[in-house]
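Proteins get letters first, then strands, A, B, ... in listed order; numbering begins at 1 in each.
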2 protein chains.
Amino acid sequence: MTEKIATIEDVARQAGVSIATVSRALHKPNVVSETTRERVQTAIAATGYTANVMARNLRLNRSGMILLLVPDIGNPFFSAILSGIEKGASQAGYNVLIGDTQNDPEREATYAAYLRSNQADAMILLNGRLPAPLAKAPANATPPVVIACERIPGCALPTVIIDNDEASFVATNHLIDLGHTRIAHVSGPTGNILTTDRVTGYRRALKSAGITHEPGLIYRGDFSIDSGIAAGRALLADPKTRPTAVCCASDGMAIGVIVAAKEVGLRIPHDLSVVGFDDIPHAAAYDPPITTVRQPRRRLGEQAIALLLDRLGSKTPPSHGETGPVIIPTELIVRQSTGPCPG
Amino acid sequence: MTEKIATIEDVARQAGVSIATVSRALHKPNVVSETTRERVQTAIAATGYTANVMARNLRLNRSGMILLLVPDIGNPFFSAILSGIEKGASQAGYNVLIGDTQNDPEREATYAAYLRSNQADAMILLNGRLPAPLAKAPANATPPVVIACERIPGCALPTVIIDNDEASFVATNHLIDLGHTRIAHVSGPTGNILTTDRVTGYRRALKSAGITHEPGLIYRGDFSIDSGIAAGRALLADPKTRPTAVCCASDGMAIGVIVAAKEVGLRIPHDLSVVGFDDIPHAAAYDPPITTVRQPRRRLGEQAIALLLDRLGSKTPPSHGETGPVIIPTELIVRQSTGPCPG
DNA sequence: AAGCCCTGTGTAAACGTTTTCATTTTCGAT
DNA sequence: ATCGAAAATGAAAACGTTTACACAGGGCTT
């Protein structure tokens with residue numbers, strides 16, 4: 001009753017050939033005669049045969065699966081990156097298995113084990129941390145792993161990132177060019193490499209303009225809108241010490257700061273300039289449209305998968321004369337959330 | 001040189017037992033003696049053995065993979081749903097393979113073939129369309145498939161959705177209660193079932209309030225911010241025929257309408273009330289904060305995976321005395337983008 | 001006419017598991 | 001001591017492929 005699924009053997013029987021011939025007809029068509037090839041084709045159609053990928057992969061010792069480690073799949077920031085990766089992978093005949101790590105080292109380790117257990121052929125890390133099992137023996141044989149989004153200091157694996165330091169430098173400079181000198185920075189969480197790099201760029205810009213750095217003007221957020229609101233309330237509370245411009249490490253936090261600014265009656269950009277980071281779709285539609293650093297997320301994903309496929313294609317374990325990370329250029333998009341210093 | 005990966009045979013040799021015993025020690029610990037169990041454990045530790053999942057799955061004729069079909073993974077709307085599904089799946093020991101269909105029926109068919117080829121054990125559809133291979137023989141044996149987000153009319157498969165008709169009815173009524181009578185509706189793309197249902201709810205609300213429906217007050221968008229801007233410009237161009245309230249089928253379009261409204265100098269909600277749909281995080285942080293229908297996306301995902309696991313757990317091909325779709329309740333979140341009718 | 005290569009095909013091994021079945025060992029009850 | 005049941009183990013089949021190897025036949029070249 002329960003319709004048995006057709007195997008290669010059924011096809012062979014139907015076509016009156018051996019299973020080897022069926023396999024060849026499918027994967028090396030030029031080595032099998034025209035007539036049998038046709039017979040096999042009709043037999044396949046008749047039986048509705050679909051190759052059992054599991055068996056095939058076992059034999060070939062591959063999985064056709066690329067594992068993608070994401071800290072939080074619920075974060076829309078990754079959507080476009082995923083999209084770029086998925087596109088490239090599926091073109092090359094790979095599937096993308098997304099692993100949501102929730103920033104849990106244990107989950108990271110679990111997923112990393114997929115590499116060993118042949119459940120995945122390669123891995124892309126968006127989580128900015130090397131899973132424990134990988135960290136152990138990176139020296140002898142480089143695993144097929146690519147790092148994207150957040151560089152991992154001291155890790156020689158192929159990496160594709162944006163230059164966060166430089167991008168933050170440019171953003172801060174934009175405010176300096178507008179005449180601002182009291183410029184605050186709302187950063188990401190401590191320990192995050194993105195945070196470090198962007199703070200560095202911010203301070204570098206101040207320094208190169210001869211502005212003395214005030215530690216009180218740096219607020220640590222977590223990239224979320226809510227943390228931006230908190231930052232805004234903290235920074236703008238006292239009219240005396242209030243900055244005239246804020247440079248944020250995410251668009252969400254920039255929006256939060258603007259919300260807080262409006263609460264205390266400040267007009268943007270007349271009384272306060274705000275710069276974001278990422279250029280998410282909502283940045284352009286906000287009131288006012290937000291000046292921000294555009295991060296080409298899709299291209300970032302595309303580059304990452306390209307790097308990986310490269311690595312998978314050539315058997316040569318990557319030219320260990322490291323070429324350094326691939327840097328995707330960013331672009332400052334000037335909109336209406338920034339203007340001349342009110343002073 | 002190249003470190004060979006350890007198989008079950010290596011473990012068996014190391015422990016001085018047969019491979020059968022190793023397998024049993026791992027999967028049926030109670031059937032093997034304490035002492036050998038320990039010997040096997042140390043052997044595993046010594047060899048660094050990890051079971052080859054591919055071989056295991058071939059033998060067990062399963063894949064441990066749940067296929068998730070998404071129309072566009074780049075769309076943040078799905079992020080939270082994915083998150084909910086992923087959580088439930090991984091708790092049950094399944095992996096989630098995300099298939100980005102780009103609304104391409106061919107890609108849908110390709111992915112659906114994964115079911116036949118044992119590359120996936122089950123499937124969740126978020127794309128609102130039955131892949132061709134599935135549509136063929138749904139009658140005899142119901143495949144392990146669950147539909148979420150967009151119901152597929154005339155399809156008996158387990159489904160989890162929100163009541164779009166009712167939600168739209170409630171949203172429109174909210175505007176009617178505020179005294180509005182010229183109420184526009186910005187809908188999704190034609191052919192989309194969400195569009196149909198939400199338009200129905202909108203018209204039902206008008207009708208039940210005795211307001212005559214003007215076809216010119218419905219604008220077809222595509223859920224995006226840009227289409228919302230276009231809708232706003234079209235609807236608000238002529239001050240004579242201009243509506244006093246707009247009910248949108250997505251928060252993005254609501255934001256777009258507000259952008260267009262501000263262009264022509266309208267104040268929200270004083271001159272124009274706007275309602276969104278979904279309650280994305282940005283809805284609350286917009287200026288003004290947007291009144292919208294909250295769609296519990298994570299719960300939607302959780303329900304979908306729960307339904308599927310249910311189906312997978314019990315061998316019984318689902319109680320065909322259909323219980324009808326599972327409805328996740330929505331909630332109207334009233335913020336400051338809606339107010340009394342200016343007239 | 002004998003030898004040879006070339007094309008096309010079949011046989012069987014291999015991939016790494018799980019599990020059935022048979023066999024050995026253990027051990028308590030007679 | 002002996003028997004028998006229960007417990008523990010091993011041998012081998014099976015899952016559905018791909019591919020190395022062998023082999024058959026046919027058309028060349030000598």
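Atom CD of Glu9(B) and atom C1' of dG16(C) are 9 Å apart (whole Å). Counting to the nearest Å, the P atom of dT17(C) and the CG atom of Asn118(B) are 19 Å from each other. When the C1' atom of dT17(D) is taken as reference, atom CD of Gln119(B) falls 14 Å away, rounded to whole Å. Following rounding to the nearest Å, Tyr49(A) (OH) and dG16(D) (C1') show an atom-to-atom distance of 7 Å. Remark: C1' of dT17(D) and CG of Asp10(A) are 13 Å apart, rounded to the nearest angstrom. Atom pair Arg56(B):CZ and dG16(D):P shows a separation of 17 Å (rounding to whole Å applied).
Between Ile98(A) atom CD1 and Glu86(A) atom CD the span is 8.0 Å, to the nearest 0.5 Å. With values rounded to the nearest 0.5 angstrom, Tyr49(A) atom OH is found 14.0 Å from Gln14(A) atom CD.
Ser117(B) contributes a side-chain N or O that, together with a main-chain N or O of Ala113(B), makes up a donor-acceptor pair within less than 3.5 Å. Under the 3.5 Å distance criterion, the side-chain polar atoms of Arg129(A) are matched with a main-chain donor or acceptor of Asn103(A). Using a distance-only test at 3.5 Å, with no hydrogens or angles considered, a donor-acceptor pair links the side chain of Asp10(A) to the main chain of Thr7(A).
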Indicate for each nucleotide in nucleotides 8-15 of chain D, in 5' to 3' sequence, whether protein heavy atoms under 4.0 Å reach the base (B), only the sugar-phosphate (S), or nothing (-).
SBBB-BBB

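Comparing dT19(D), dG16(C), dT19(C) against the side chain of Ser23(A) picks out dT19(D) as the nearest.
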Could you list the protein-to-nucleotides 23-26 of chain D atom pairs, N/O on both sides, closer than 3.5 Å?
none

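Partners of Arg151(A) according to the side chain to side chain donor-acceptor pair (under 3.5 Å) rule, which considers only residues two or more places apart in sequence or in another chain, are Asp197(A).
Side-chain N/O atoms of Glu108(A) and Asn127(A) include a donor and acceptor closer than 3.5 Å. With hydrogens and angles left out, the side-chain atoms of Ser63(B) and Asp121(B) include a donor and acceptor closer than 3.5 Å.
Between dG8(C) and Lys28(A), no contact under 4.0 Å exists linking OP1 or OP2 to a side-chain N or O.
A salt bridge does not link Glu302(B) to Arg299(B): none of the charged side-chain nitrogens sits closer than 4.0 Å to a carboxylate oxygen.
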